[in-house]
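The structure appears right after this line, and notes come after that.
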Amino acid sequence: SPAGSGRIKNLLCSGDEMARARILKSVVSSDLIELMISPMPCLVVQKLLSCLGPDMRDQLAIPIIKHVSDLAVHKACW
């Protein structure tokens with residue numbers, strides 16, 4: 001929901017590393033393709049990538065990179 005995504009984005013901006021780690025864990029354990037094709041979750045992923053340090057960013061960026069070709073042929077993207 002927009003309110004939930006807004007709350008998550010606020011947590012990411014707060015500087016709370018524990019919150020960022022919990023959000024990262026939740027995102028990485030989710031279906032990344034579904035997150036990337038939906039506007040609100042995609043904005044959260046973008047915000048998360050911009051807020052994380054290099055080590056934590058790699059935990060998210062590497063799985064996204066691995067799924068780029070799947071995303072390119074996903075039916076929702078056509």
Side-chain angles (χ1 to χ4, degrees):
S1 75
S5 294
R7 172 76 177 126
I8 291 171
K9 288 194 295 185
N10 287 339
L11 282 171
L12 291 173
C13 293
S14 72
D16 183 346
E17 290 299 321
M18 294 286 291
R20 288 180 185 170
R22 286 192 310 268
I23 295 168
L24 174 63
K25 183 178 178 183
S26 178
V27 167
V28 170
S29 66
S30 302
D31 182 351
L32 287 175
I33 295 293
E34 291 301 317
L35 290 177
M36 297 306 295
I37 62 170
S38 303
M40 286 294 170
C42 188
L43 290 173
V44 170
V45 170
Q46 289 176 328
K47 185 66 172 177
L48 184 58
L49 285 168
S50 71
C51 292
L52 295 174
D55 292 339
M56 291 178 79
R57 190 179 311 127
D58 285 349
Q59 293 177 41
L60 181 55
I62 291 169
I64 289 173
I65 291 167
K66 287 180 181 178
H67 289 293
V68 166
S69 60
D70 296 333
L71 183 60
V73 297
H74 193 278
K75 64 183 179 208
C77 298
W78 290 91

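Count residues from 1 along the sequence. Computed from a prediction, not measured in an experiment: that's the story for all the values here.
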If you look only at pairs with a residue in residues 15-26, which of them pass as a side chain to side chain donor-acceptor pair (under 3.5 Å), with sequence neighbours excluded?
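Output for this query lists Glu17-Arg20.
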Quick one: are Cys13 and Lys47 in side-chain contact, heavy atoms under 4.5 Å?
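Yes. Closest side-chain heavy atoms under 4.5 Å.
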Side chains of Val45 and Ile64: does their closest heavy-atom pair fall under 4.5 Å?
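Side-chain contact under 4.5 Å: yes.
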Hey, could you give me the [atom1]/[atom2] distance between [X] and [Y], rounded to the nearest 0.5 Å?
{"X": "Leu49", "Y": "Leu60", "atom1": "CG", "atom2": "CG", "value": "4.5 Å"}
{"X": "His67", "Y": "Leu32", "atom1": "NE2", "atom2": "CG", "value": "5.5 Å"}
{"X": "Cys51", "Y": "Leu24", "atom1": "SG", "atom2": "CG", "value": "11.5 Å"}

Applying side chain to side chain contact (heavy atoms under 4.5 Å, CB included), name anything that partners [X], two or more places apart in sequence or on another chain.
{"X": "Ile8", "answer": "Leu12, Ile23, Val44"}
{"X": "Ile62", "answer": "Asp58, Lys66"}
{"X": "Asp31", "answer": "Ile33, Glu34"}

